[in-house]
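Encoded as structure tokens, the structure appears first; notes follow it.
Start at 1 and go down the list; that is how both ligands and their atoms are numbered. When a residue number appears, it is its place in the shown sequence, counting from 1. In this text the structure is predicted, and so the values were computed from the model without any measurement.
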Amino acid sequence: MSRTVLMLPGDGIGPEIVAEAEKVLHKINEKFELGLTFESGLVGGAAIDETDSPLPDDTLDKARKADAIVLGAVGGPKWDSLPMAKRPEKGLLGLRSSLELFANLRPAILYPQLASASSLKPEVVSGLDIMIVRELTGGIYFGQPRGVRELESGERQGYNTYAYTESEIRRIGRVAFEAAQQRGKKLCSVDKANVLEVTVLWREIMEDLRREYPDVELSHMYVDNAAMQLVRAPKQFDVIVTGNMFGDILSDEAAMLTGSIGMLPSASLNSEKQGMYEPCHGSAPDIAGQGVANPLATILSAAMMLRYSLGEEKAAENIEAAVSKVLDQGLRTADIMSEGAKKVSTREMGEAVLAAL
Ligand code: IPM
Ligand code: MG
């Protein structure tokens, strides 16, 4: 059976890092005889330039038909002044919501080789292995009404709506409980239930689910405390489940614990396990086109794709082992550079992973 992977490079460093991930996937495809076929499409600013839309019909069509998607990054200063509905980010958000990719898995794992690249003390982060489960198609990112309106006073007011239905909370809760069952059996649900009703309901549903997963130890934490605990004692966490915006913020924070956001992959899944796989970092326009970006988060995202959407665990592990090997070899892109290591470009890093496969 042939399976299709859609490659969406996007903007900024996107094309550079996706090119390296694609080479790795081609090689893995041969080595494990996976029968994958590859397509590509436009999204974000690149799509705006060509078609005037951040998510052209052709891309959405291909995305719906694909078994999995690898996306680089979207956005950049060139498109920052466009109205909200036409911005590159809408391409990404449109894909997430159209395919109902509600479950965003963001593992923050510290490679022992990179302990010194973290801004925290090695003893605080060594052995770190957290999974953030972020709700991705609801919450304040998508709540209605939203906009900027004029009040009677003549002053303008910007507003968004933070809303979750019970079923939205329940389905992300189940993903998180199940992830915890596969790991350290600890789940921390992050909310702001001391202020926001929507998260009072969130907490109630998580408590409800607890009964179905008696082997998982559930705890709750307010988001401000969670932000603090993540830098104070991050190893207390196993799986964290939270809403869209809190998850956006906490996953960037967790990424930095691992030394660089350039190392963090992610998976966004729907209930059919169809998924989109992207690095957690953005398009980094400041370093785009210079060949210095770290392709490892995208390469590791490709590994997650093999695991979660394509059921090819061995191939996924092979990529992860290859990444670990190049780190052992002392190869570092600029973002994870440390004393005594060998600084390499985006392409050299990709080639090294290929060689290590
Ligand atoms: C992320 C990004 C996106 C988000 C942006 C680019 C819309 O920050 O994937 O974390 O906020 O979800
Ligand atoms: Mg983010």
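Cation-pi geometry between Arg134 and Phe246 is not met at under 6.0 angstrom from the ring centre and within 45 degrees of the axis. Under the 6.0 Å distance and 45° angle rule, Arg149 counts as a cation-pi partner of Tyr159.
Between the side chains of Asp11 and Trp79, not a single donor N or O lies within less than 3.5 Å of an accepting N or O. A side-chain donor from one of Asp215 and Gln181 sits under 3.5 Å from a side-chain acceptor of the other. With 3.5 Å as the limit, one finds a donor-acceptor pair spanning the side chains of Ser309 and Tyr277.
Lys65 and Glu39 are not joined by a salt bridge, as no carboxylate oxygen comes within less than 4.0 angstrom of a charged side-chain nitrogen.
Ligand 1 has Arg96 within reach: a non-hydrogen atom of the residue lies less than 4.0 Å from it. In this structure, Arg87 does not count as a contact residue of ligand 1, since none of its heavy atoms falls inside 4.0 Å of the ligand.
The protein atom (non-hydrogen) at minimum distance from atom 4 (C) of ligand 1 is Tyr141 OH, 3.5 Å. What sits closest to atom 7 (C) of ligand 1 on the protein, heavy atoms only, is Glu89 CG, 3.9 Å. Of all protein heavy atoms, the one lying nearest to atom 8 (O) of ligand 1 is Asp248 OD1, 3.2 Å. Protein heavy atom closest to atom 6 (C) of ligand 1, with residue, atom name and distance, is Leu92 CD2, 3.9 Å. Shortest contact from atom 1 (C) of ligand 1 to any protein heavy atom: Arg106 NH2, 3.4 Å.
The name of the N, O or S atom in Asp248 nearest to the Mg ion (ligand 2) is OD1.
Less than 4.0 angstrom separates some heavy atom of Arg134 from each of these atoms of ligand 1: 1 (C), 4 (C), 9 (O), 10 (O), 11 (O), 12 (O).
Scanning all heavy atoms of the two residues, the minimum distance from Gln157 to Leu151 falls at OE1-CD2, 3.5 Å.
For the Mg ion (ligand 2), the N/O/S atoms of Asp252 include none lying under 2.8 Å.
At a 3.5 angstrom cut-off on N or O pairs, Glu278 does not count as close to ligand 1.
Between Tyr213 and Leu187 there is no side-chain heavy-atom pair separated by less than 4.5 Å.
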